[in-house]
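Shown next, in structure tokens, is the structure this report addresses.
First listed ligand is number 1; within each ligand, the first listed atom is number 1. Quick note: residue numbers are just sequence positions, from 1.
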Amino acid sequence: ERLVSCTREGDTVARLGGDEFVVLLPGLGNTQQAARLAGEMLGLLAEPFIIEGSSNYVGASIGVAIFPDDGSLASELLKKADMAMYRAKATGRGRIIFFEENMNVVQQEQSVLERELRLAITRGQFSLRYQPRIRLSDGKLSGAEALLRWQHQELGWVGPEKFIPLAEEVGLIDEIGAWVLRHVCAQLGQWQTAGYRITLSVNVSGRQLRSGRLGQLVQQALTESGVVPAALELEVTEGTLIDNIEEVGEQLGQIKQTGVGIALDDFGTGYSSLSYLQRLPIDILKIDRSFIRELGRSDGAGSIVHSIIALAHALGKTVVAEGVERQDQVELLRIWQCEQA
Ligand code: MG
Ligand code: MG
């Protein structure tokens with residue numbers, strides 16, 4: 001109804017399926033008109049939807065393709081509008097993006113990357129790096145965060161910010177996630193045998209949680225390696241939780257019951273919702289590096305970090321400060337009784 005309300009007589013509004021809609025605007029005088037109508041649509045969709053008395057927010061991302069510049073066939077126009085929409089989503093949602101020829105190039109690059117990513121595991125191109133975690137009370141190593149790296153023969157190092165979203169999109173994330181869990185647990189087993197009493201943490205993505213197989217994969221990796229669950233931690237970001245807090249919360253709760261630790265990653269950059277802290281089965285709060293970087297340089301950052309630590313402690317959670325690189329940061333964090341860096 002909202003989409004129809006901002007179209008003109010003779011325009012078409014259709015639902016393609018799922019949460020995708022198509023609006024056909026024949027006989028536009030100029031492309032600015034499409035931008036204007038799309039802008040109105042965004043505005044209307046940004047208004048809350050009242051369902052059973054509570055406000056729900058959805059928003060939208062809009063991709064635009066223009067006949068005949070972008071194509072003369074319906075299928076072509078739809079494909080290009082779709083590409084533009086994905087770009088709109090990727091650049092931060094709530095945007096309108098017009099199709100551009102270079103998106104075709106990007107699309108082709110993506111196909112190459114996808115093909116290569118499918119082969120990366122069997123070709124042994126993945127490896128793990130470990131970012132150490134230090135206990136602030138005694139300066140000893142308490143654990144590490146496992147970071148996945150992909151080195152391709154011709155493409156070189158491909159950053160995770162590039163291949164993780166792609167892996168999610170094309171359905172490879174479960175396979176890659178399982179590989180990571182297996183290798184991290186095997187490494188953990190070796191280090192523990194060597195006498196190191198440490199925990200290792202693994203980042204998990206939203207798609208992994210939504211697939212419903214995460215608990216099983218974690219269990220498998222633990223059993224194979226003989227590592228105790230308490231030595232493993234999963235890191236989730238708020239972005240992961242936002243879409244489906246009930247379901248994700250339940251899954252995390254089940255995993256936590258087996259003894260595996262759950263950490264909320266990059267806290268402070270997303271919604272920083274205090275209700276999550278209370279509602280989700282989180283043991284550890286990781287304060288994002290952007291606040292830690294400013295410690296001792298801006299009073300604001302200090303107050304925020306100090307308050308987050310106090311709040312987390314009041315809720316019975318352990319705090320990890322991310323990206324600590326200077327001694328003055330360490331000293332402040334020690335005073336505030338932050339557990340780890
Ligand atoms: Mg992390
Ligand atoms: Mg982080």
Side-chain angles (χ1 to χ4, degrees), residues 126-136 141-150 157-168 173-174 176-185 187-188 198-210 214 217-218 221 229-242 248-249 251-252 255-256 260-273 276-277 280-295 301 304-305 308-309 311-312 317-326 329-330 333 338-341:
F126 283 131
S127 60
L128 292 162
R129 297 289 178 276
Y130 293 91
Q131 171 97 320
R133 237 155 79 173
I134 305 297
R135 204 165 32 230
L136 285 168
L141 183 77
S142 63
E145 173 178 2
L147 302 167
L148 180 64
R149 295 291 179 260
W150 177 23
W157 293 99
V158 185
E161 71 288 347
K162 216 168 177 178
F163 72 82
I164 295 292
L166 179 65
E168 291 198 305
I173 196 70
D174 265 351
I176 294 174
W179 184 93
V180 170
L181 281 167
R182 235 181 12 252
H183 282 74
V184 167
C185 287
Q187 179 69 77
L188 189 52
I198 55 169
T199 56
L200 290 183
S201 65
V202 172
N203 295 290
V204 296
S205 79
R207 197 60 69 92
Q208 275 176 286
L209 277 166
R210 282 194 291 277
L214 187 64
L217 292 175
V218 167
L232 183 69
E233 264 171 39
L234 302 181
E235 296 190 10
V236 296
T237 60
E238 283 180 286
T240 314
L241 309 170
I242 197 89
V248 168
Q251 262 214 65
L252 287 177
I255 295 173
K256 186 186 148 92
V260 173
I262 309 286
L264 188 57
D265 204 0
D266 306 339
F267 188 76
T269 52
Y271 299 85
S272 308
S273 164
Y276 284 169
L277 289 184
L280 287 166
I282 294 155
D283 316 282
I284 298 145
L285 194 68
K286 299 187 74 182
I287 306 178
D288 191 71
R289 60 183 61 237
S290 56
F291 296 108
I292 306 300
R293 194 187 308 126
E294 293 303 310
L295 272 190
I304 290 174
V305 172
I308 295 176
I309 294 170
L311 176 72
K317 318 216 182 278
T318 301
V319 185
V320 180
E322 296 186 294
V324 175
E325 292 176 350
R326 305 187 312 266
Q329 295 167 317
V330 171
L333 291 165
C338 176
E339 282 87 352
Q340 298 180 21

Original post:
Taking only residues two or more places apart in sequence, or in another chain, which ones meet Arg326 in a salt bridge (Lys or Arg N to Asp or Glu O under 4.0 Å)?
Top reply: Asp328

Original post:
Strictly by modelled atom types, are Glu339 and Thr318 linked by a side-chain donor-acceptor pair under 3.5 Å?
Top reply: no

Subject >> Whether over 12 other heavy atoms sit under 6.0 Å from Lys317 NZ >> reply: yes

Subject >> Residues that Arg135 engages under salt bridge (Lys or Arg N to Asp or Glu O under 4.0 Å), provided they are two or more places apart >> reply: Asp138

Subject >> Lys/Arg N to Asp/Glu carboxylate O, Glu233 vs Arg133, below 4.0 Å >> reply: yes

**OP:** Could you tell me which residues satisfy salt bridge (Lys or Arg N to Asp or Glu O under 4.0 Å) with Asp174, sequence neighbours excluded, listed by chain and number?
**Re:** Arg213

**OP:** With 2.8 Å as the limit, jot down which protein N, O or S atoms are around the Mg ion (ligand 1).
**Re:** Glu145 OE2, Asn203 OD1, Glu235 OE1, Asp265 OD2

